[in-house]
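Any value given below was found using the heavy atoms of this structure, including those in side chains, with hydrogens, waters and symmetry copies removed.
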There are 2 protein chains.
Amino acid sequence: MSTILSSLTLTIPEKIYIKDPQSSKLGRRILEYSIQLIRQEGLEKFTFKKLAKKINSNESSVYRYFENKHMLMLYLISWYWGWLEYKLVFRTNNIEDKEDVLKRAIIAITETPRRDETFGFINEEELHYIIVQEYSKAFHTKDVDEENENGYFIIYRRLVERLSKIILNYNPSYCYPLTLSNTVIQGALKQNFLHQHFKHLSDFKETDEEPITKFFQNLIFNSLK
Amino acid sequence: MSTILSSLTLTIPEKIYIKDPQSSKLGRRILEYSIQLIRQEGLEKFTFKKLAKKINSNESSVYRYFENKHMLMLYLISWYWGWLEYKLVFRTNNIEDKEDVLKRAIIAITETPRRDETFGFINEEELHYIIVQEYSKAFHTKDVDEENENGYFIIYRRLVERLSKIILNYNPSYCYPLTLSNTVIQGALKQNFLHQHFKHLSDFKETDEEPITKFFQNLIFNSLK
DNA sequence: CAAATTTAAAAGTAATACTTTCATTTTAAT
DNA sequence: ATTAAAATGAAAGTATTACTTTTAAATTTG
């Protein structure tokens, strides 16, 4: 993606944060370095105290932006889904051929991200890494239903719906567009995780290029034809 | 499944526990009631203290069986995978037709379990519920690689490999048997979760019978044909 | 029945996840 | 440039958690 759109910012549902972290220097430092620190320590051992120390700030200051680390994680996850949505739209824009649109959509969602300068202070490559490791913990809580009502997952919903429409557009008689859309989006993350930590449960070789994308393209086009 | 085999017990890797919970009355009570309590409270709010109170025992006694709640969860998850493996083998045993074998395998893995008397003190229906909600938390830790080396996930591995062989047997030229096998096993759990908590992201109606099974059968057979 | 093992009760420790208070700095408005 | 408002930092405080230790009582086993 180009740096032309570098003034773009992704909008995250207000209820997720106390004070908008994109609105201040400290807030942006919190986002930038929390990704680094979560990657280093893992979500379990990551604390606001450690983060504050890392950015030469104070625990209580971090708490003024996010209620707790769970909410910070929800913020980062929303950011990630928003970014995927943006990629999806950008890459399929102005394309006529329905098969081509679906092909490009699958690539946008399943490819391994490289550092991308579009949104300045977020390192997309590193964010992808922590999403792969940690995202399901933020979903799978006792309070999902309540959090869902609060709109915490609205960006994910939009992403799934967008992809499902592209699927349905390609094959209008397919019965499971939403289910397949979910399967691709979440399955891609899961396969990344398995490929990293359970090599023997993966069919891919080190030399394969974007094997996860290839798997899902094969799966989807065979399934929809 | 019948109750004929009620004396069967599933073998769980030794390293997961300190003292085998299947070997004593207290141990079995720990397993039985931990499932209930995790379901009630969610894994986050579940503590050994609460569990001990529920079974009229003591915190320190529970710690003599499991190092911590993470290990208890790994035990329950291994038990679940072991149970799926058992179902898979039992249901496909003596069947000749390769397509039929694969069909039955998909059912065994993706169907919604009912209370099954095969293994006495474990409520399979309730276990399935907590696996759907919580299992990915036990996978996605900073220590996966180490835990993997310790053999904590060996039963999962066996299950994935078994299903992948059935897939490959049905279509020997298919390139991604392991990846597809993982996608089905983990995807089925994920779809259960979505169906429960994100109804609008699901194509299924309340009246559909075993829609998740149908989705995966459609996906796999279209993809392998 | 005696010895070995298991369990219960209670108290203790270190870390975590916040909260509160108050002083200081920064920013924004006139 | 002055002042009020807002944001930040430092430090101390609280409740809970996750686990450990010790000792005594109960249970099992040989």
Side-chain angles (χ1 to χ4, degrees), chain A residues 14-34 37-38 40-76 121 134 137-138 140-143 146-147, chain B residues 14-34 37-38 40-76 121 134 137-138 141-143 146-147 152:
Chain A
E14 281 191 20
K15 284 188 178 173
I16 290 184
Y17 49 79
I18 297 170
K19 179 186 154 107
D20 182 2
Q22 298 201 57
S23 74
S24 78
K25 209 176 149 189
L26 179 64
R28 286 187 294 269
R29 284 172 65 76
I30 288 173
L31 295 181
E32 185 175 351
Y33 290 96
S34 63
L37 196 55
I38 291 170
Q40 259 181 51
E41 307 262 320
L43 188 59
E44 271 66 42
K45 288 175 189 161
F46 166 87
T47 67
F48 279 3
K49 202 168 197 167
K50 287 179 190 167
L51 175 61
K53 200 178 169 189
K54 188 175 182 109
I55 59 178
N56 293 316
S57 177
N58 196 272
E59 201 185 356
S60 58
S61 302
V62 181
Y63 274 106
R64 286 198 187 89
Y65 285 85
F66 293 102
E67 206 185 320
N68 50 47
K69 72 176 170 184
H70 174 65
M71 297 309 291
L72 169 58
M73 195 66 206
L74 283 182
Y75 187 98
L76 295 173
F121 53 98
E134 318 284 0
K137 290 172 207 164
H140 291 244
T141 67
K142 219 20 199 179
D143 309 316
E146 200 189 319
E147 297 188 347
Chain B
E14 280 191 20
K15 284 187 176 174
I16 290 184
Y17 49 80
I18 298 169
K19 181 187 153 109
D20 182 1
Q22 297 200 56
S23 73
S24 78
K25 209 176 148 189
L26 180 63
R28 287 186 295 269
R29 284 173 65 77
I30 288 173
L31 296 180
E32 184 175 353
Y33 289 96
S34 63
L37 196 55
I38 291 170
Q40 258 180 53
E41 307 263 321
L43 189 59
E44 271 67 42
K45 289 175 188 159
F46 167 87
T47 67
F48 279 3
K49 200 168 198 168
K50 287 181 191 166
L51 174 62
K53 200 179 169 189
K54 192 177 179 103
I55 60 178
N56 293 316
S57 176
N58 196 271
E59 202 183 356
S60 57
S61 302
V62 180
Y63 275 106
R64 285 201 185 85
Y65 286 85
F66 294 101
E67 204 186 322
N68 50 45
K69 73 176 169 186
H70 174 65
M71 298 309 291
L72 168 58
M73 195 67 206
L74 283 183
Y75 188 99
L76 294 174
F121 54 97
E134 320 283 1
K137 290 172 206 164
T141 66
K142 220 20 197 176
D143 310 316
E146 201 190 318
E147 297 188 346
Y152 294 177

In whole angstroms, the gap separating C1' of C:dA17 from NZ of B:K45 amounts to 14 Å

Using every non-hydrogen atom in the two residues, find where B:I55 and B:R29 come nearest and quote the distance to one decimal.
O-NH2, 3.3 Å

Taken to the nearest whole Å, CD/B:E44 to P/D:dT16 is 18 Å

Name every residue in residues 15-30 of chain B that has at least one heavy atom under 4.0 Å from any atom of DNA chain D, in order of residue number, or write none if there are no such residues.
none

At 4.0 Å (heavy atoms only), tell me whether B:F66 reaches a base, stays on the sugar-phosphate, or touches nothing.
nothing

Verdict with reasoning, A:E134 to A:M73, per side chain to side chain contact (heavy atoms under 4.5 Å, CB included):
CA-CA 9 Å; A:E134 318 284 0; A:M73 195 66 206; 3.5 Å; yes

Just verifying a value: how many Å separate A:L37 CG and A:K54 NZ, rounded to the nearest 0.5 Å?
5.0 Å

Pair A:Y75, A:Q22: side-chain N/O donor-acceptor within cut-off below 3.5 Å
yes

Atom NZ of A:K53 and atom C1' of D:dG9 are separated, to the nearest Å, by 16 Å

Over all strands shown, is A:K49 touching base, sugar-phosphate only, or nothing at heavy-atom distances under 4.0 angstrom?
nothing

DNA chain D contacts among residues 55-63 of chain B, heavy-atom distance under 4.0 Å:
B:E59, B:S60, B:Y63

Closest to the 5' end of DNA chain C, once A:H70 and A:R64 are matched to their nearest nucleotides, is A:H70

Short side-chain N/O contact from A:Y65 to OP1 or OP2 of D:dA7, under 4.0 Å
no

How close do B:E44 and B:K69 get, counting heavy atoms only, and between which atoms?
O-NZ, 3.0 Å

How far does NZ of A:K15 sit from CG of A:L74, to the nearest 0.5 angstrom?
13.5 Å

Give the rounded distance in Å between these two atoms: CG of B:L43 and C1' of D:dA18.
14 Å

Listed pairs under 3.5 Å, donor-acceptor, residues 59-68 of chain B side chains, sequence neighbours left out:
unit_1: B:S60; atom_1: OG; unit_2: B:N58; atom_2: OD1; d: 2.9
unit_1: B:Y65; atom_1: OH; unit_2: B:S24; atom_2: OG; d: 2.5
unit_1: B:N68; atom_1: OD1; unit_2: B:H70; atom_2: N; d: 3.2
unit_1: B:N68; atom_1: OD1; unit_2: B:M71; atom_2: N; d: 3.1

